[in-house]
Amino acid sequence: MNTAIVGINWGDEGKGRMVDLLSENFDVVVRYQGGNNAGHTVINEKGKFVLNLLPSGILRDGVVNVMGPGMVIDIKHFSEEVQRLADKGVSVTPENLKVSDRAVICMPYHVQQDIMEEDRLADKKAGSTRRGIGPVYADKYFRKAFKTGDLLYSADLYGKVRDICEWKNIQIAGYGKTIDVDETYYWLMKYGDIIKPFVCDTGELFLKAQKEGKKVLFEAQLGALRDIDLGIYPYTSSSSTIAAYAPIGAGAPFLKIDKTVGIVKAYSSAVGGGPFVCEMSGKAAEALREAGGEYGAATGRPRRVGPLDIPATEYGVRVQGADEIVVTKLDILSYMDKIPVCVAYERNGEIYKTFPYPDLLDGCKPVIEYKKGWKCDISAAKTLDDLPKEARSYLRYIQKTVGAKITYVSVGAERDSYIKVSGRM
Ligand code: GDP
Ligand code: MG
């Protein structure tokens, strides 16, 4: 059973935590999009890890991890992340990590360009992570990017660096900055040497895995609402976060996804800009942010928070084609007397029950209903029976309104803090 684990909301739903848990049953874990703007936090017997680039399966012995051609890889960050893991006793070798030769390299000038543009936009900024992700994807589609395979196979890499820098200097002239060819080439060589042993034709690996009946887990970054095509454009990421893209971004379009598991957080959070209709403010927001530890794993930025957003979640389940869902961080809501839920949006007297075109979100107000709280610690729950009836009722409500069956409920950040749902909710 090949499975995709994807975000249903704005990201940070707890995908990394679920990949870490479920990777036990898989042979290969592959990241298929995005770059080091991801922040997947995993806590298990090996320690606490924040993974930006590497698949979360890297913490499981015996799992082969792949970084697919749909990814953009800052090779300096790559070398640092591998070192960080080594420092904590996790060995990352060409045996347990394979980098596609078709993955794109995120260059220092992409980071620079990202920062310069965000600064130029000032208070109109898009909320970029400033890690070069938008510019590098733009260059990929402009066919002006370096791929990791260039490090191995390019007949004249220096010439390519010179030509691309010449073009890039025209592009960024308005910012009053220039890029140095030798410096850029030196950077590529320096960090290229570190990533080179990991680079290979991962398509072949997947073909072999398929023949041998191996099981593949596709790990998404961000969530449905940040998808470049179907999200809240332009406040999206620059890649496709959607499950249907996973086999392509993994470099294995011949693989079928047998099951898509959507990760839904028990409440909402968003990092960066854009419409976030369910957003809470003031003391209520502070309390939820504090309870949920909602500070960006990649950036440390305080995340915007709100109650569970039904129109957005229902939309996320739909575009992800989620066969089932996992509800994470249910334990965070334990402090609430009553639990707010955003059941619809209201704009100029019009009610939206389904998620509208992004521009229509401007001026929308959340329609809030309250569910009964349970007011007790549920973090030790191992079965549905261990949950208070109010918590089960909240889960039943989610399952019914978003139209997908809940198969796991997560009640803590540690690997074993979860409930596997079997039978009726
Ligand atoms: P991702 O980007 O989707 O992988 O999610 P993040 O790792 O950015 O954010 C999820 C955060 O919540 C991390 O700090 C996790 O350790 C933590 N977490 C995940 N699941 C649970 C849960 O069920 N309960 C609690 N209390 N924390 C959780
Ligand atoms: Mg995250």
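In this chain, residues are counted from 1 in sequence order. Side chains are part of it too, since the values below use all heavy atoms of this structure and drop only hydrogens, waters and symmetry mates. Counting starts at 1 for both ligands and their atoms, following the listed order. All of these numbers come straight from a predicted model, not from anything done at the bench.
Judged by the shortest distance from any of its heavy atoms, Glu294 lies outside the 4.0 Å radius around the atoms of ligand 1. The shell of residues lying under 4.0 angstrom from ligand 1, judged by heavy atoms, excludes Gly7.
Stacking of Lys168 on the aromatic ring of Tyr109 is not recorded, the 6.0 Å distance cut-off and the 45° axial limit not both being met.
Checked against Val99 for a side-chain contact (heavy atoms from CB on, under 4.5 Å), the options Thr202, Asn65, Leu54, Ile195 give a single hit: Ile195.
For the pair Ile43 and ligand 1, the shortest N or O to N or O distance does not fall below 3.5 Å. Between Gly16 and ligand 1, a contact under 3.5 Å exists for at least one N or O pair. For Asp12, a nitrogen or oxygen atom sits less than 3.5 Å from a nitrogen or oxygen atom of ligand 1, counting backbone and side chain alike. By the 3.5 Å distance cut-off applied to N or O atoms, Gly11 is not counted among the residues near ligand 1. Geometrically, ligand 1 and Ile332 share no nitrogen or oxygen pair separated by less than 3.5 Å.
Asp12 has its closest N, O or S atom to the Mg ion (ligand 2) at the position named OD1.
Remark: the backbone N or O of Gly47 is not paired with any side-chain donor or acceptor of Lys88 at under 3.5 angstrom.
Considering Asp20, Asp331, Val327 only, the shortest heavy-atom separation from atom 25 (C) of ligand 1 involves Asp331. For atom 15 (C) of ligand 1, the nearest non-hydrogen atom from the set Val271, Val6, Thr41 belongs to Thr41.
Looking at Met18 against ligand 1, nothing comes within 4.0 Å, counting heavy atoms. Contacts with ligand 1 closer than 4.0 Å are made by heavy atoms of both the backbone and the side chain of His40.
Judged as a side-chain hydrogen bond (donor to acceptor under 3.5 Å, both in side chains), and not counting sequence neighbours, Glu118 has no contacts.
Side-chain contact annotation: Trp10 with Ser269, donor-acceptor N/O pair under 3.5 Å absent. Between the side chains of Gln399 and Tyr394, no donor-acceptor pair is found at a separation under 3.5 Å. Counted by atom type alone, Tyr267 and Glu294 present one or more donor-acceptor pairs between their side chains at under 3.5 Å.
Arg303 and Asp12 are joined by a salt bridge, as a carboxylate oxygen and a charged side-chain nitrogen come within less than 4.0 angstrom of each other.
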Enumerate donor-acceptor pairs with a distance under 3.5 Å from any side-chain N or O in residues 242-261 to protein atoms, sequence neighbours excluded.
residue	atom	partner	partner atom	Å
Asp258	OD2	Asn2	N	2.6

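Atom numbering of ligand 1 starts at 1 in the shown order; those under 4.0 Å from a heavy atom of Val411 are 23 (O), 24 (N). Residue Arg303 has at least one heavy-atom neighbour below 4.0 Å for each of these atoms of ligand 1: 8 (O), 9 (O).
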